[in-house]
Amino acid sequence: MTDLSVTIGGLTLRNPVMPASGTFAEGLAEAVDLNCLGALVTKTITRELRAGNPLPRVAEVAGGILNAIGIPSKGVPHFLEHTLPLYRTWAPPVVVSISAPTAEGFAQLAAEVSVPGVGAIEANISCPNIEEDGKAFAMRPISTEAVVRQLRAATSLPLWVKLTPNTGEIAEVARAAEAAGADALVVANTILAMSIDLQTLQPRLGNVMGGLSGPAVKPIVLRQVYQCARAVRTPIIGCGGIATTADAAEYMLAGAAAVQVGTATFVRPGAMVEIIAGLDRFCDARGFATVAELTGALRREEADEDDLAWVAPTS
Amino acid sequence: MSTGGSEQLPDRAAFRPRASEETAIILSNDLVNREYRHMVTACSAIASTAKPGQFFQLLCPSLPGEAPFLRRPMSLYGADPARGHVEFLYKVTGAGTRGLASLAARDEIEILGPLGRGFTLDRSWRNVVAVGRGAGLATLGPLAQAAQAAGIGVTAVLSARRPDLVVSDALFRSRGASVLTVTDQEGTSGPAHVERLLRGLIAEDRCDAFFTCGSARLLRVQQRLAREFGLPGQVAMEQQMACGLGMCFCCVRDFNVDGEIVHKRVCWDGPVFDLAEALP
């Protein structure tokens, strides 16, 4: 038995596996014991009521899906009165994903959801910033630093900052978030993409463009986790195309302290539970006493002959 | 969702799944006509408790050159808890169902279910009418057995392009239902003709409620008649789905709830909805 617990910016989780925001709701409890998970991450909430995007909102592509759901949100009162009490009936800490169109809006929302029962706030700063011509906060270090500084001042809860993979300077963005007081970085979000239906000659998403997720994005986001892990000391939560134990182990070796699983849950609701058991077996097989030892254990020196006897995770 | 600060919140200490993610075994997967296949699978006790109107998410095998990434929602055609079976009736329309059609007896299929809210029968009803078309005929099929068990008579109005493409008729008849078949080929499937049939059933006191699936035109006819005669009804809706568990919000549709247009998730709030609230 491996010690699977991890501590992410002051918050201790029983294991390093949790859902990615947007891909989880209480419906998963129909098929999966949510008490097994490391944390429960809510869908992103906003202060304003949002209906979401026109349909179709999801399109299948090779190795994954595109989505443009559009962050439907019932606002803060609904979250505090309904969602939070419901999620608190399970044991894992509740991580509240929030989004806003301005830095000030982010701070206000963070303050409003900083209530007992919330374990951490995950600021989804991959959303458009209306003060920067719609460019996502996390595209640039300067806008990242500005929004995270306001968030930091607004809440004493652990503050996780979710970065976008759609930037060419993710390490600099990670440093800016760290400098402004982030307790953890979630790396990353979906990759901006599109697809066209050749029968109808129309975009396959109602919103035309959407985010690519699933196994197709894993090598890209894995590289970004590696880049961020080399740039900051803040814990990193890897998120991008994780579907198996092997994927999760790769992310941790590249520097992630925990992982989020999203699209894979749509195909296999039990994916997270399988990955938790698989990480236990992997650590056992490779002689890691704690799962935390995997974080950043990537080897770059030449291995000895014995080390080349690679033991693959069994599932 | 029925949760709130003042309501009783559930105890999570003992986990009891209501939907099972599992490997089922194909018992048969045969053509029933030129378009539809009937698949019978051996499954777990949980899966076989599926109720009419509920659905499963099937992980369809991929044929060469095709790779359906997501599961495919498939409404229940039959469930037998005693034998541990669930059945599906499907038309081959895309990559997912082409993969399903390739399965033979003893093959495996990954299923997830039962999912969603199904039909409900009120024991005070004496007779109900089921109106379906296309894939909706399969969805309505299991109502036949449930209504028979509840002592409720059924008239099934089954619509298809041609008489040889009507499905579920034998199932309804075997459960004592009256079956009226209407087809495009015979010129009997238009809404005006179906409305005449339904008005006749109402006049004969054979319609305490409507159940429908598979046709927006026929849904509108029933909504009009339900309003006119003060009849209740339920409709099983379709929508492209991803997760099937109410998580992704991909399958929302508009519903008219007390004059307000609201989004509901077909997979989670449905797929069976109040006839009056549905917007075709």
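Reminder, nothing fancy here: chain letters follow the sequence lines and each chain counts from 1. The structure presented is a predicted model; accordingly, all values stated were derived computationally and were not measured.
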Give the C-alpha distance, both sets of side-chain angles, the deciding distance and a yes or no for side chain to side chain contact (heavy atoms under 4.5 Å, CB included) between B:Asp274 and B:Gln234.
CA-CA 5 Å; B:Asp274 187 327; B:Gln234 296 163 33; over 6 Å; no

Looking only at A:Thr23, A:Val32, A:Thr265, most heavy-atom pairs under 4.5 Å shared with chain B are made by A:Val32

Please check if atom CZ in B:Arg83 has more than 12 non-hydrogen atoms from other residues, nucleotides or ligands closer than 6.0 Å.
no

If we ignore angles and hydrogens, is there a donor and acceptor under 3.5 Å between the side chains of A:Glu274 and A:Thr245?
no

When you measure from the side chain of B:Ser215 to the backbone N and O of B:Leu218, does any donor-acceptor pair fall under 3.5 Å?
yes

B:Arg162 atom CZ, over 12 foreign heavy atoms within 6.0 Å
yes

Centroid-centroid under 6.0 Å between B:Phe55 and B:Phe88 rings
no

Based on non-hydrogen pairs under 4.5 Å, which of B:Gly246, B:Gly113, B:Cys267, B:Pro17 is most in contact with chain A?
B:Pro17

Are a donor atom and an acceptor atom from the side chains of B:Ser44 and B:Glu22 found within less than 3.5 Å of each other?
yes

For chain A, find its close neighbours in residues 57-81 of chain B: heavy-atom separation under 4.5 Å, sorted by number, or none.
B:Leu59, B:Pro68, B:Phe69, B:Leu70, B:Arg71, B:Arg72

Show, in sequence, the C-alpha distance, side-chain angles and deciding distance for A:Lys43 and B:Met247, and conclude whether the side chain to side chain contact (heavy atoms under 4.5 Å, CB included) test is met.
CA-CA 9 Å; A:Lys43 286 179 84 77; B:Met247 302 188 290; 5.7 Å; no

Which atoms of A:Leu55 approach chain B - backbone, side chain, both or neither, heavy atom under 4.5 Å:
side chain

Chain A shares the most heavy-atom pairs under 4.5 Å, among B:Cys251, B:Cys250, B:Ser20, with B:Cys250

Regarding B:Arg253 and B:Glu238, does a basic nitrogen lie under 4.0 Å from an acidic carboxylate oxygen?
no

Relative to chain A, which segment of B:Val262 carries a heavy atom at a distance below 4.5 Å: side chain, backbone, both, or neither?
neither

A:Asn35 versus chain B, the contacting section by heavy-atom distance below 4.5 Å
side chain

Considering only heavy atoms, which portion of A:Arg88 lies under 4.5 Å from any heavy atom of chain B: side chain, backbone, both, or neither?
neither

In terms of heavy-atom proximity below 4.5 Å to chain B, should A:Pro269 be classed as side chain, backbone, both, or neither?
both

Answer yes or no: is there an ion pair linking B:Arg133 with B:Asp184, defined by an N-O contact shorter than 4.0 Å?
yes

I'd like to know whether A:Thr164 forms a side-chain hydrogen bond (donor to acceptor under 3.5 Å, both in side chains) with A:Ser126, so could you lay out the CA-CA distance, the side-chain angles of the two residues, the decisive distance to 0.1 Å, and finally the verdict.
CA-CA 5 Å; A:Thr164 177; A:Ser126 314; 4.6 Å; no

Side chain, backbone, both or neither of A:Glu60 within contact of chain B (heavy atoms, under 4.5 Å)
side chain

Which of the residues A:Pro72, A:Gly214, A:Gly270, A:Gly64 is involved in the greatest number of heavy-atom pairs with chain B at under 4.5 angstrom?
A:Gly64

